[in-house]
Amino acid sequence: QMQLVESGGGLVQPGGSLKLSCVTSGVPLDQYALGWFRQVPGKEREGLSCMSANEGHTYYVDSAKGRFTISRDNDKGTVYLQMNGLKPEDTGIYYCAAVPPTKLFSRCVLPEFVEAWGQGTQVTVSS
């Protein structure tokens with residue numbers, strides 16, 4: 001059974017930074033991509049970024065490019081999301097996810113391709 005547990009959320013001022021962590025267990029880390037999603041109030045869950053199992057390939061949606069950086073440590077079973085230049089519209093619940101191999105790597109940021117979710121961590125950007 002795959003389990004994912006996020007941490008690192010909190011309250012931060014606009015322009016600030018946060019680093020989210022997600023510890024996994026039971027995920028085939030040599031095969032599965034790991035990704036980050038978020039759900040803001042009133043909107044559907046959206047993908048932000050993902051990272052491949054071994055090759056270090058990354059994918060970012062436009063809203064995350066240049067501000068967010070994904071990384072993973074397979075030895076620790078952990079995926080990270082460094083978020084800089086945070087804006088009030090980044091407020092929401094952030095989820096990590098395990099995604100099995102897909103034909104197109106960019107699908108790893110689509111919720112319908114996720115096999116397992118974490119419980120989420122709240123990020124609030126406010127002055």
Side-chain angles (χ1 to χ4, degrees):
Q1 181 178 359
M2 291 185 283
Q3 292 187 326
L4 300 91
V5 180
E6 303 94 336
S7 62
L11 174 64
V12 63
Q13 292 187 341
S17 298
L18 278 177
K19 186 173 184 177
L20 306 181
S21 300
C22 173
V23 178
T24 71
S25 62
V27 177
L29 295 175
D30 60 338
Q31 300 173 44
Y32 278 46
L34 297 175
W36 287 95
F37 294 69
R38 73 180 175 198
Q39 189 158 18
V40 301
K43 294 188 177 181
E44 294 185 352
R45 194 172 300 187
E46 62 171 344
L48 296 172
S49 179
C50 61
M51 191 166 190
S52 64
N54 295 307
E55 302 85 3
H57 298 316
T58 58
Y59 184 86
Y60 296 91
V61 300
D62 287 345
S63 60
K65 287 179 182 176
R67 298 191 300 131
F68 296 174
T69 303
I70 191 170
S71 60
R72 63 189 279 174
D73 184 335
N74 283 356
D75 291 337
K76 295 181 179 179
T78 303
V79 61
Y80 307 94
L81 186 68
Q82 176 69 46
M83 304 187 294
N84 300 326
L86 284 164
K87 307 173 183 179
E89 52 264 42
D90 293 317
T91 294
I93 301 174
Y94 284 67
Y95 300 88
C96 65
V99 184
T102 61
K103 289 185 178 181
L104 295 177
F105 181 58
S106 59
R107 290 176 177 174
C108 63
V109 292
L110 299 178
E112 57 264 40
F113 288 92
V114 172
E115 186 167 325
W117 296 97
Q119 83 289 350
T121 185
Q122 176 71 45
V123 172
T124 302
V125 184
S126 175
S127 56

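The figures that follow rest on heavy atoms only: side chains count, while hydrogens, waters and symmetry mates do not.
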ask   = Short question: side chain of Ser21, backbone of Ser7 - any donor-acceptor pair under 3.5 Å?
value = no

key: Candidates Thr121, Leu86, Thr124 - the one meeting side chain to side chain contact (heavy atoms under 4.5 Å, CB included) with Leu18   = Leu86

inquiry  = Here's a test for you: under salt bridge (Lys or Arg N to Asp or Glu O under 4.0 Å), which of Glu46, Glu6, Glu44 qualifies with Arg38?
reply    = Glu46

query = Nearest 0.5 Å, what's the CG-OG1 distance between Leu110 and Thr102?
reply = 8.5 Å

ask   = Between atom CG of Leu34 and atom CG of Leu29, what is the distance when rounded to the nearest 0.5 Å?
value = 6.0 Å

Does any non-hydrogen side-chain atom of [Y] lie less than 4.5 Å from one of [X]?
X	Y	result
Asn54	Asn74	yes
Val125	Glu89	no
Met2	Pro28	yes

task = Can you tell me which residue pairs pass the ring pair (Phe, Tyr, Trp, His ring centres under 6.0 Å) test with a partner in residues 59-90, sequence neighbours excluded?
result = none

request  = With sequence neighbours excluded, give me every ring pair (Phe, Tyr, Trp, His ring centres under 6.0 Å) pair touching residues 97-127.
outcome  = Phe37-Trp117

inquiry  = Checking Lys87 now: which residues fulfil salt bridge (charged side-chain N to carboxylate O under 4.0 Å, His left out) with it, not counting sequence neighbours?
reply    = none

task = Decide if atom CD of Gln1 counts as having more than 12 heavy atoms of other residues, nucleotides or ligands within a radius under 6.0 Å.
result = no

query = Given the rule in the side-chain contact (heavy atoms from CB on, under 4.5 Å) test, do Gln122 and Thr91 qualify, once you have shown the distances and angles that lead to the verdict?
reply = CA-CA 8 Å; Gln122 176 71 45; Thr91 294; 4.0 Å; yes

